[in-house]
Number of protein chains: 2
Amino acid sequence: MKTLLKHIQSIHPISKEAEKALLEISKEVRFQKGTDVQSIGHTCKTIYFVKDGCVRIYYFKEDIDITESFEFENAFVARAESLFTGKPSLKAIQAIEDTLLIAIDSNRLFQLFDSHHDLERLFRKIIEASYVNTVNRIESLQFHTADERYLHLLKDHKDILKRVPLKYIASYLGITPVSLSRIRAHK
Amino acid sequence: MKTLLKHIQSIHPISKEAEKALLEISKEVRFQKGTDVQSIGHTCKTIYFVKDGCVRIYYFKEDIDITESFEFENAFVARAESLFTGKPSLKAIQAIEDTLLIAIDSNRLFQLFDSHHDLERLFRKIIEASYVNTVNRIESLQFHTADERYLHLLKDHKDILKRVPLKYIASYLGITPVSLSRIRAHK
DNA sequence: GTAATTTCTTATCATATGTAAAGTAGTTTC
DNA sequence: GAAACTACTTTACATATGATAAGAAATTAC
């Protein structure tokens, strides 16, 4: 669990008691490459931290598999639309590689917020950062060409091509695999 | 300020003391149609609540004016990328109509979080809801046609066509005004 | 109220991306 | 190691959107 605590310290330092309380509601879970961590229709009650490996959030639009996001080592993952609304999620979380996650029980976490103010602040800051990221992604989808978005993704995640199938990258960029192939061929 | 307090109560009820503290760091400000509430290059230290009128967040990409978002009555507005990072914003906030805003001093608000846990929880929930909204907007930009996005916007904001120039709506949808005209002509 | 300015629409042509189908390469299964 | 399957690429054609320019409509300024 050291990786998680270290990552947390870099965002917002919390007390020893808060660390202890957090670890009590967390456990390590492993998933084989290709398996669903959480499936479509399930209400999200877990916040995951990626210790090793990588995952994606995906959903289906008219039978087409669309990757909403990727997460790699040292990042949190949750299906926000379900976690924060209590509704069943239309999306699933899948392990793209053999993956080691730390699962945090969100209901118990939200309860801890009452007694550990610093934990609530930590997660407020985590959500703020995620929010800034999604706003930037909107900007990218709004006014960059698919070509630019592809190059930008490679810059941000230098090893993504070795770790993630192109078909997932294509839908993440908002284009078809055929179109991504074309873009790659022109480089 | 009643509008603000009423809106807050519907998200997360706070104590009378917290309400009082919040009002002390808030003030009403008016902006004429077309004027900038905050300009590009300014570091965002204010969270606004729209009491009457409407605003947009916009920026320039290579001399082209792009609307990132609109906000109407009973919504909060802030340039998250600047507010949460402390960096100067590349974006501006502009009044689209004569607008009455409530300006909340963000530094003093963040200080209040130390003494008023319920205020921090309130704003955590506000950010969570904004986050869910932006994730949904990504989905919309990723795999809906411009045509679908336009119809969806009209559904969500029935009076938007009467209040907001089409050129702003076009860039918000990620298309040119010419393209929006075409889409509208086919209905 | 007229002129000037801005906003919106229409038309034409160029380009990027989608769809479908076929082929190639790589991986998995037995 | 052959067969089956999956991932990726390539080609041909269709469609949506972009760029530019010109005109119409609406708004603003005087």
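- In this structure, the helix from dG1(C)-dC30(D) to dC30(C)-dG1(D) shows an angle of 50° between the axis at its start and the axis at its end, each fitted on 5 base pairs and rounded to 10°.
- Residues satisfying the side chain to side chain donor-acceptor pair (under 3.5 Å) test with H144(B), not counting sequence neighbours, are none.
- Taking CD of E128(A) as the reference point, atom CG of L83(B) lies at 7.0 Å (rounded to 0.5 Å).
- Looking at T134(A) and T134(B), their side chains do bring a donor and an acceptor atom within 3.5 Å of each other.
- For Q32(B), the side-chain contact (heavy atoms from CB on, under 4.5 Å) test picks out T35(B), D98(B), with sequence neighbours left out.
- In this structure, Y48(B) has no ring pair (Phe, Tyr, Trp, His ring centres under 6.0 Å) partners at least two apart in sequence or on a different chain.
- With a cutoff of under 4.0 Å to any heavy atom of chain A, the contacted region of DNA chain D is bounded 5' to 3' by dA7(D) to dA12(D).
- Within the 4.0 angstrom heavy-atom criterion, base atoms lie near S181(A).
- Annotation: side-chain contact (heavy atoms from CB on, under 4.5 Å) contacts of T145(A) (sequence neighbours excluded): D147(A), E148(A).
- Within the hydrophobic cluster formed by Ile, Leu, Val, Met, Phe, Trp and Tyr side chains joined at under 4.5 Å, directly or through other members, F60(B) is accompanied by I40(B), Y58(B).
- Clustering of Ile, Leu, Val, Met, Phe, Trp and Tyr side chains at separations under 4.5 Å places I66(B) together with F143(A), Y59(B), I64(B).
- Comparing P177(A) and I175(B) along DNA chain D, the residue whose closest nucleotide (by nearest heavy atom) sits nearer the 5' end is P177(A).
- Its side chain outside the 4.5 Å cluster rule for every partner, L90(B) clusters with none of the Ile, Leu, Val, Met, Phe, Trp and Tyr residues.
- Listed by first then second residue, pairs satisfying ring-ring contact (aromatic ring centres under 6.0 Å, His included) with a partner in residues 5-26 of chain B read H7(B)-F49(B), H7(B)-F76(B), not counting sequence neighbours.
- The residue among S179(B) and F143(B) whose nearest nucleotide of DNA chain C is located toward the 5' end is S179(B).
- A nucleotide of DNA chain C counts as in contact with chain A when one of its atoms lies under 4.0 Å from a heavy atom; the first and last such, 5' to 3', are dT17(C) to dA20(C).
- Judged as a side-chain contact (heavy atoms from CB on, under 4.5 Å), and not counting sequence neighbours, the contacts of D52(A) are E73(A), L100(A).
- G174(B) comes within 4.0 angstrom of the backbone, heavy atoms only, and of no base.
- Looking at which nucleotide of DNA chain D each of L180(B) and K167(A) is closest to, the 5′-most match is held by K167(A).
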